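The next block holds one structure in the form of structure tokens; read it before the comments.
This one's a predicted model, so the numbers in the text were calculated from it and none came from an experiment. Heavy-atom basis, side chains included; hydrogens, waters and symmetry copies ignored.
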Amino acid sequence: MRMAAAQNDSAEVAVTRPGAGASAVAGRLTFAKILALPNIGPILAIVIAVAFFAARSDRFLTGGNFSLIVQQVMVVGTLAIGQTLIILTAGIDLSNGAVMALGNIAITKLAVDSGLPPLVAIALGLALTAGFGLLNGTLVSWVKLPPFIVTLGTYGIAFALTHIYSQEQTISGLPGALTFFDKTFPLGDTDITYGSVMMLMLFAIAWYVLRLTAAGRHVYAVGNNPEAARLTGIDTRRVLLGVYTAAGLIYGVAALLLVARTGVGDPNAGQTDNLDSITAVVLGGTSLFGGRGSVIGTLLGALIVGIIRNGLQLIGVASIYQTLITGILVIAAVAIDQLNRRRQK
């Protein structure tokens, strides 16, 4: 009898263990599926950051503060859209902050000193920044120079032209049309700026183009394997030229948003925004090696930086620690991207 009972017990254990093992495997598979969801990393980072700062500051979880965060990332977030397009093609743009500053000065100086109508000044400023994008694209796609070297050179050119043209002077007394995007409208109890809406609209347009059009698929194809893309009939030079030119135009919009936010034309603006835009792109999960990523991830990456900086300010942490934490996050994001690429190989 005892032997039979022991056999029955062991049989029950044998039956139970496979079930428990299957449950564990299913749990691991479910967790792996969750981790594989698009943009889950940046989303989790935002949730953790929000929970952390909400527990330490009563002012953090307010509509006004979240509106402020979006306003603070408005300019860099817009720059990061253009940066994302370029990084998706396995390039990089070090000139975008300087090009934006040049557009900022051009728009304000043309409207104030030259007396041009604001809309004409804006159009000329956008044409100027798009022209720099066209120059970058031509040198990368036709002359075959490395994007790093090209945009490092145009960074210096744009920086110098900004200071020469402005004569180191800040331009003030702007017409109201140039500061339109700093105006607000109520959304519940919170005031939202038109500039924030413009940034979000640009993200939506970029997402649509990249995900739902042939041109967007060509951008990913060129970034993933330019030679294979060429052999399938894609004009890789035209794609690169279009990407850099579109990015330059977007930098002009960022210049306009900067004018609206600051209310002046500042020749010293945007000096670190090139690095901040790369940070937003990397934190959003876009691969620096091209061919993988999304502008939605870039938006999340920009918000991560904005939330961290805003939260640390609210709890009284020195600004230097904001830079420290951001740097650590960038290295971690690139390391994760490298690990994922190795696993895929």
Enumerate, atom names and distances included, each donor-acceptor pair closer than 3.5 Å involving a side-chain atom of residues 241-256, sequence neighbours excluded.
| unit_1 | atom_1 | unit_2 | atom_2 | d |
| --- | --- | --- | --- | --- |
| T245 | OG1 | L241 | O | 2.8 |
| Y251 | OH | D93 | OD2 | 2.8 |

Considering only distance and modelled atom types, tabulate donor-acceptor pairs under 3.5 Å from the side chains of residues 193-206, sequence neighbours left out.
| unit_1 | atom_1 | unit_2 | atom_2 | d |
| --- | --- | --- | --- | --- |
| T193 | OG1 | S196 | N | 3.1 |
| T193 | OG1 | S196 | OG | 2.8 |

Sequence neighbours left out, cut at 3.5 Å: what donor-acceptor pairs do the side chains of residues 42-63 make with other protein atoms?
| unit_1 | atom_1 | unit_2 | atom_2 | d |
| --- | --- | --- | --- | --- |
| R56 | NH1 | F52 | O | 3.3 |
| S57 | OG | R59 | N | 3.3 |
| T62 | OG1 | R59 | O | 2.9 |
| T62 | OG1 | N65 | N | 3.2 |

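Separation of atoms CG (L88) and CZ (R292) is listed at 10.5 Å; rounding is to 0.5 Å. Rounding to the nearest 0.5 angstrom, the gap separating the OG1 atom in T138 from the CG atom in L240 is 10.5 Å. To the nearest 0.5 angstrom, L128 atom CG is 9.0 Å from L110 atom CG. Taken to the nearest 0.5 Å, the CD1 atom of I307 stands 9.0 Å off from the CG atom of L300. Between the CG atom of L299 and the OG atom of S294 there is a distance of 9.5 Å, given to the nearest 0.5 Å. Put simply, CG on N268 and CG on D266 are 5.0 Å apart, with the number rounded to the nearest 0.5 Å.
The shortest side-chain heavy-atom distance between R237 and K144 falls under the 4.5 Å cut-off. I171 places a side-chain heavy atom less than 4.5 Å from the side chain of I105. Within the 4.5 Å cutoff, no side-chain heavy atoms of L152 are placed close to those of S95. Side-chain atoms of R238 and H218, non-hydrogen and from C-beta on, never get closer than 4.5 Å to each other. In this structure the side chain of V305 never reaches within 4.5 angstrom of the side chain of V76, judged on heavy atoms.
In this structure R309 satisfies the salt bridge (Lys or Arg N to Asp or Glu O under 4.0 Å) test together with D276, sequence neighbours excluded.
Contacts classified as ring-ring contact (aromatic ring centres under 6.0 Å, His included) and involving residues 114-160 (residues at least two apart or in different chains) are given here: F159-H163. Sorted by first and then second residue, the pairs that involve residues 75-92 and meet side chain to side chain donor-acceptor pair (under 3.5 Å), not counting sequence neighbours, are Q83-S277, T84-T298.
Of all heavy-atom pairs between A229 and T236, the closest is CB-CG2, 4.2 Å. I234 and A221 get closest at one heavy-atom pair: CD1-CB, 3.8 Å. In terms of heavy-atom proximity, A269 sits nearest to L258 at CB-CD2, 3.5 Å. Taking both residues in full, the closest heavy atoms of V219 and L85 are given as CG1-O, 4.2 Å, listed atom of the first, atom of the second, then distance. Here the closest non-hydrogen pair linking T170 and V264 is CG2-CB, 3.7 Å. The minimum heavy-atom distance between N104 and T108, with the atom names listed, is O-OG1, 2.9 Å.
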Trace of the side chain to side chain contact (heavy atoms under 4.5 Å, CB included) decision for I278 with L94: CA-CA 9 Å; I278 296 171; L94 300 179; 4.1 Å; yes

Stepwise side chain to side chain contact (heavy atoms under 4.5 Å, CB included) test for L178 and I122: CA-CA 8 Å; L178 295 188; I122 291 170; 3.7 Å; yes

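Using modelled atom types, one side-chain atom of S287 and one backbone atom of F289 make a donor-acceptor pair closer than 3.5 Å. With hydrogens and angles disregarded, no donor-acceptor distance shorter than 3.5 Å links the side chain of S114 to the backbone of A111. With hydrogens and angles ignored, the 3.5 Å screen pairs a side-chain donor or acceptor of T154 with a backbone N or O of T151.
Taken together through direct or relayed side-chain contacts under 4.5 Å among Ile, Leu, Val, Met, Phe, Trp and Tyr, L212 and Y220 form part of one hydrophobic cluster. Grouping the Ile, Leu, Val, Met, Phe, Trp and Tyr side chains by contacts below 4.5 angstrom, directly or via other members, places Y165 with L174. No path of Ile, Leu, Val, Met, Phe, Trp and Tyr side chains, each step under 4.5 Å between heavy atoms, connects L134 with I81, placing them in separate hydrophobic clusters. Residues V281 and L275 do not share a hydrophobic cluster, defined by chaining ILVMFWY side chains whose heavy atoms lie under 4.5 Å apart. Cluster membership for L324 and L312, using ILVMFWY side-chain heavy atoms within less than 4.5 angstrom, is shared.
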